[in-house]
**Student:** 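Take this structure, written in structure tokens, and hold onto it; I'll ask about it next.
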Amino acid sequence: MAQIYLALVDTPGLFASMIRRVTGIDYIHVVLSMDEELQEAYSVGRRHPAIPILAGFEKEDTGKIEKVFPTARYKVVSLSCSEEQKEQIALKLQECYEKRYQYHYCVLGLPMILLNRPFYQKNHYTCSSFTANVLQESGIVLFDKHFSLVTPRDFYELKQTQTIYEGTLRTFNRLNGCYPIRRRRMFRHMVRKLCFAMNGDVYES
């Protein structure tokens with residue numbers, strides 16, 4: 001048997017508080033990962049952690065997330081599957097990433113969840129509906145309802161998973177050797193790159 005991983009995320013913010021009211025739990029975001037360190041982790045959510053209105057399909061960067069949300073909490077769980085299913089999921093995620101700007105967050109789907117009415121707008125998903133749909137298409141059917149109605153609470157209450165970590169993102173990153181990028185260092189890198197480009201040279205970091 002193979003393992004895939006789900007990260008349930010608790011971050012602060014106004015939009016997050018709205019989702020908490022819908023789901024009834026603190027964890028408001030779901031991430032699908034191929035590894036337990038979340039190095040190959042993907043979701044439908046914020047393209048940049050600090051800008052909630054720009055949302056779509058993106059690869060997760062726990063270092064960037066910690067920089068914006070230093071108090072974020074994570075619950076990482078494992079889910080058993082076959083090797084073939086894991087390969088299918090990996091291929092699907094890679095395909096979505098290559099076309100990531102065609103995917104968007106399904107804002108219209110949120111009130112439909114409250115009304116318990118299935119709703120699908122092409123290439124529009126919530127984080128949980130995307131994850132549920134990818135798993136379902138790979139033969140992993142976890143819920144007895146339309147994927148558009150799946151919420152982070154459904155993943156939180158899954159009996160088939162095993163918790164491998166629960167705590168702060170800061171601690172999780174340190175355990176896995178990941179540190180947030182310092183803005184000053186990144187700014188210096190950008191300035192140097194620009195200066196080299198103006199002189200017709202290539203900056204090698």
Side-chain angles (χ1 to χ4, degrees), residues 1-13 16 19-20 22-47 49 57-97 100 125-145 147 149-181:
M1 295 293 287
Q3 299 289 322
I4 55 174
Y5 301 87
L6 301 167
L8 298 163
V9 185
D10 172 23
T11 54
I19 298 178
R20 284 190 188 91
V22 174
T23 62
I25 60 171
D26 289 335
Y27 294 108
I28 50 86
H29 184 54
V30 178
V31 179
L32 178 57
S33 180
M34 294 292 96
D35 60 276
E36 59 184 294
E37 295 86 13
L38 306 185
Q39 296 299 306
E40 287 295 327
Y42 302 86
S43 73
V44 172
R46 301 183 185 198
R47 296 195 185 280
F57 183 83
E58 197 55 77
K59 183 176 181 179
E60 295 284 308
D61 187 326
T62 56
K64 285 184 179 180
I65 296 171
E66 182 190 337
K67 188 68 178 179
V68 177
F69 300 113
T71 62
R73 291 183 59 81
Y74 270 52
K75 179 176 181 179
V76 182
V77 302
S78 62
L79 178 67
S80 296
C81 65
S82 68
E83 293 288 353
E84 292 77 13
Q85 288 171 329
K86 185 167 184 175
E87 289 178 6
Q88 288 181 35
I89 293 169
L91 288 173
K92 178 63 176 179
L93 292 175
Q94 186 58 43
E95 177 186 328
C96 290
Y97 186 70
R100 59 191 178 278
Y125 299 89
T126 62
C127 61
S128 49
S129 69
F130 174 82
T131 300
N133 189 49
V134 169
L135 295 178
Q136 181 177 303
E137 288 183 344
S138 301
I140 304 174
V141 181
L142 301 173
F143 310 107
D144 187 23
K145 57 182 172 181
F147 66 83
L149 298 176
V150 176
T151 71
R153 185 184 188 93
D154 293 310
F155 285 103
Y156 180 78
E157 295 177 341
L158 274 178
K159 302 298 183 183
Q160 301 96 315
T161 61
Q162 295 290 328
T163 300
I164 61 175
Y165 176 82
E166 186 167 14
T168 66
L169 176 58
R170 182 186 298 274
T171 299
F172 179 82
N173 280 340
R174 301 307 176 273
L175 289 172
N176 292 292
C178 176
Y179 299 85
I181 298 175

**Student:** Please name all residues satisfying side-chain contact (heavy atoms from CB on, under 4.5 Å) with K59, sequence neighbours left out, ordered by chain then number.
**Tutor:** E40, Y42, Y97
**Student:** Out of curiosity, R100 CZ to L93 CG, how far, rounded to the nearest 0.5 Å?
**Tutor:** 13.0 Å
**Student:** Distance from D144 atom CG to D154 atom CG, nearest 0.5 Å?
**Tutor:** 11.0 Å
**Student:** Just how far is it from atom SG of C96 to atom OH of Y125, taken to the nearest 0.5 Å?
**Tutor:** 7.0 Å
**Student:** Check V44, L38, L79, L6 against L32 for a side-chain contact (heavy atoms from CB on, under 4.5 Å) and give me the one that passes.
**Tutor:** L6
**Student:** Once side-chain contact (heavy atoms from CB on, under 4.5 Å) is applied, do any residues pair with E83, and if so which ones, sequence neighbours excluded?
**Tutor:** A2
**Student:** Do the side chains of D10 and F69 get nearer than 4.5 Å, heavy atoms only?
**Tutor:** no
**Student:** In chain order, what residues pass the side-chain hydrogen bond (donor to acceptor under 3.5 Å, both in side chains) check against Q39, with sequence neighbours excluded?
**Tutor:** none
**Student:** Could you walk me through whether I28 and V9 pass the side-chain contact (heavy atoms from CB on, under 4.5 Å) check?
**Tutor:** CA-CA 6 Å; I28 50 86; V9 185; 5.7 Å; no
**Student:** Let me confirm one number: the OG-CG distance from S138 to N133, rounded to the nearest 0.5 Å.
**Tutor:** 9.0 Å
**Student:** F147: which residues meet the ring pair (Phe, Tyr, Trp, His ring centres under 6.0 Å) condition with it, sequence neighbours left out?
**Tutor:** Y120
**Student:** Treating K86 as the side-chain partner and M34 as the backbone partner, does any N or O pair qualify as donor plus acceptor under 3.5 Å?
**Tutor:** yes
**Student:** Just to verify, what does Q85 make a side-chain hydrogen bond (donor to acceptor under 3.5 Å, both in side chains) with, not counting sequence neighbours?
**Tutor:** S82
**Student:** Quick one: which residue pairs count as a salt bridge (charged side-chain N to carboxylate O under 4.0 Å, His left out) with a foot in residues 68-79, not counting sequence neighbours?
**Tutor:** none
**Student:** List the residues meeting side-chain contact (heavy atoms from CB on, under 4.5 Å) with L91, not counting sequence neighbours, and say none if there are none.
**Tutor:** none
**Student:** Using a 4.5 Å cut-off on heavy atoms from C-beta on, say whether the side chain of L142 contacts that of V150.
**Tutor:** no
**Student:** Please name the pair of heavy atoms, one in T126 and one in S129, separated by the smallest distance, quoted to 0.1 Å.
**Tutor:** N-OG, 2.8 Å
**Student:** At what distance, to the nearest 0.5 angstrom, does CD1 of I164 lie from CD of E37?
**Tutor:** 8.0 Å
**Student:** List for me each residue that meets side-chain contact (heavy atoms from CB on, under 4.5 Å) alongside E60, sequence neighbours excluded, and say none if there are none.
**Tutor:** H29, V31, A41, S43, I65, Y74
**Student:** For residues 155-163, please give each side-chain donor-acceptor pair under 3.5 Å, one per line with the distance, not counting sequence neighbours.
**Tutor:**
| residue | atom | partner | partner atom | Å |
| --- | --- | --- | --- | --- |
| E157 | OE2 | R153 | NE | 3.0 |
| E157 | OE2 | R153 | NH2 | 3.4 |
| T161 | OG1 | L158 | O | 3.4 |

**Student:** Evaluate the criterion side-chain contact (heavy atoms from CB on, under 4.5 Å) for residue pair Q3 and C81; output intermediate values, then yes/no.
**Tutor:** CA-CA 6 Å; Q3 299 289 322; C81 65; over 6 Å; no
**Student:** Between N173 and R170 (side chain of the first, backbone of the second, donor and acceptor by atom type, cut-off under 3.5 Å), is there such a pair?
**Tutor:** no
**Student:** How far does CG of N176 sit from OG1 of T62, to the nearest 0.5 angstrom?
**Tutor:** 7.5 Å
